[in-house]
Amino acid sequence: MFLGVDGGGTKTAFCMVDRSGQVVARAQAASSYYFSHGIELVERVLKEGVEAVCAEAGLNPADIEYAFFGLPGYGEAARDLPVLNATPRAVLGHDRYACDNDMVCGWAGSLGAVDGINVISGTGSMTYGERLGRGVRIGGWSEMFGDEGSAHWIAVRGLNAFSRMSDGRLPEGPLAEVFRRHLDLASDLDVIDVVHNQWQGDRSRIAALSRSVAEAAALGDEVATQILTDAGRELALLVEVTRERLEFGPDETVPVSYSGGTFGARTVLETFASGLKNPSTPYELRHPLYEPVVGAALYAAKLAGTPLDQPALDALRTAPGTPASGEDDR
């Protein structure tokens, strides 16, 4: 029995997978992004999620052969690593686990843990790729001065466009009315109260406004469409740099996949795919094989030295909620 945990800026997902490729249980808890709420948050969230997934599976933590915890922010503050590495021990009661950044979950799920590059664009954005046992991360520099192409980045640019439309510095398009309706604004200036006072700048709630930008683009808003187009280009650039850092040869066709809710916006995905069409640096864009939390469970099995065999991997492809099943929740 292998436990995969995929932390994120919005939620933390838990998934138990057995050797036959059956998803035995799932659970969900709050975000485990601890930079805004203190590192103690991580243990509380993991404890809640592990207890829930074990209860659904009818198992105890001791029954878990190996677990992989993909944690947001892991590796971004060196002083926190000892605490993060030790936290699952308090939750599981044993040492059969490993921790890393949640980007590894996206890569392992999307590509089935084979050499290649995965780009993640959810609340934040980054790429993670592996080649011949070496991993490279690009991006993920936080919403304050990075995370280009992410939901938060899209939302902030959307808020900027809304303010400019309200002032008359931009011609008003559908985006303005979409934001007014979604945020239930009595006056346009109330957006300051909503984002700064009511939401306290919460990154997850701000990132969710990217859906409003996508809605406005679907209604023909040119500014919103340009924001989504720029996001796709930024994500393609992340892949290009990751390829260089991993030293893939110019003649090597590099598998690339993607994960995260931002790719649910068609313009983002289409622009991203178009940005990879360079004959001098060939790519093979692959639809994600598994969702990130299932990738985490696959990676747990691999780290345990007992990777799932092909029949088990095939069985996982048809599990509810996986991209192959048609129920991908991205």
Side-chain angles (χ1 to χ4, degrees), residues 3-15 26-55 61 64 67-106 120-126 128 137 139-148 150-153 155-156 159 192-210 259-262 292-293 295-296 299-300:
L3 173 66
V5 180
D6 174 40
T10 304
K11 67 181 187 299
T12 302
F14 299 76
C15 178
R26 291 176 179 268
Q28 184 173 304
S31 167
S32 46
Y33 185 79
Y34 68 92
F35 287 138
S36 301
H37 304 285
I39 200 166
E40 299 80 9
L41 170 75
V42 179
E43 182 172 343
R44 293 198 301 271
V45 171
L46 296 186
K47 185 173 188 295
E48 176 188 341
V50 169
E51 287 179 351
V53 77
C54 283
I64 298 170
F68 177 73
F69 294 84
L71 304 175
Y74 184 95
E76 295 168 10
R79 67 181 182 277
D80 293 341
L81 288 178
V83 175
L84 294 176
N85 286 329
T87 294
R89 183 180 303 113
V91 175
L92 295 174
H94 59 75
D95 292 323
R96 299 188 302 276
Y97 68 87
C99 299
D100 207 323
N101 194 279
D102 60 304
M103 64 188 178
V104 177
C105 305
I120 305 163
S121 182
T123 304
S125 66
M126 66 176 73
Y128 179 75
R137 161 187 169 159
W141 290 95
S142 85
E143 68 275 10
M144 185 169 290
F145 52 87
D147 285 352
E148 294 85 356
S150 69
H152 192 281
W153 185 86
V156 168
L159 286 166
I192 300 173
D193 176 55
V194 171
V195 174
H196 287 286
N197 299 327
Q198 297 179 37
W199 293 358
Q200 294 289 301
D202 183 86
R203 66 195 296 267
S204 299
R205 298 183 78 170
I206 293 172
L209 290 176
S210 63
S259 53
T262 305
V293 68
Y299 200 54

Trainee: Evaluate side-chain contact (heavy atoms from CB on, under 4.5 Å) for W153 paired with T262, printing each intermediate quantity in order.
Mentor: CA-CA 10 Å; W153 185 86; T262 305; over 6 Å; no
Trainee: With rounding to the nearest 0.5 angstrom, report the CD to CE distance, E76 to M126.
Mentor: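 Those atoms lie 5.5 Å apart.
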Trainee: Hey, are the side chains of Y74 and D80 touching, using non-hydrogen atoms and a 4.5 Å cut-off?
Mentor: no
Trainee: Under the criterion side-chain contact (heavy atoms from CB on, under 4.5 Å), I'd like the reasoning laid out for F14 against V50: C-alpha separation, chi angles, the key distance, then a yes or no.
Mentor: CA-CA 7 Å; F14 299 76; V50 169; 4.0 Å; yes
Trainee: Side-chain contact test, heavy atoms from C-beta onward, threshold under 4.5 Å: evaluate it for F69 versus V91 and give yes or no.
Mentor: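 Sidechains of V91 and F69: no contact.
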Trainee: Do S32 and T12 pass the side-chain contact (heavy atoms from CB on, under 4.5 Å) test, and can you show the C-alpha distance, the side-chain angles, and the key distance before you say yes or no?
Mentor: CA-CA 6 Å; S32 46; T12 302; 2.9 Å; yes
Trainee: Quick one, Y128 with N101, criterion side-chain hydrogen bond (donor to acceptor under 3.5 Å, both in side chains). Give me CA distance, side-chain angles, the key distance, then yes/no.
Mentor: CA-CA 10 Å; Y128 179 75; N101 194 279; over 6 Å; no
Trainee: Check the orientation of W141 and F145. Use parallel for under 30°, tilted for 30 to 60°, and perpendicular for over 60°.
Mentor: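 Because their plane-to-plane angle lies in the 30° to 60° range, the rings of W141 and F145 count as tilted.
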Trainee: Taking side chain as C-beta onward, heavy atoms only, is V156 less than 4.5 Å from E143?
Mentor: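 The answer is no; the side chains never approach within 4.5 Å.
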Trainee: Got a second to check how far D6's CG is from Q28's CD, nearest 0.5 Å?
Mentor: 10.5 Å
Trainee: Determine the minimum heavy-atom distance between R203 and H152, stating which atoms define it.
Mentor: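 Scanning both residues completely, I find the closest heavy atoms to be O-CD2, 3.5 Å.
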Trainee: If you apply the rule side-chain contact (heavy atoms from CB on, under 4.5 Å), what do you find for C54 with I64, and how did you get there?
Mentor: CA-CA 9 Å; C54 283; I64 298 170; 4.1 Å; yes
Trainee: Find the distance between OH (Y34) and OG1 (T87) and round it off to the nearest 0.5 Å.
Mentor: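 Here the rounded value is 9.5 Å.
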Trainee: Could you measure the distance from the CD1 atom of I120 to the CZ atom of R137? Nearest 0.5 Å is fine.
Mentor: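 Between atom CD1 of I120 and atom CZ of R137 there are 9.0 Å.
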Trainee: Do NZ/NE/NH1/NH2 and the carboxylate oxygens of K47 and E51 come within less than 4.0 Å?
Mentor: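 Looking at K47 and E51, the cut-off is met.
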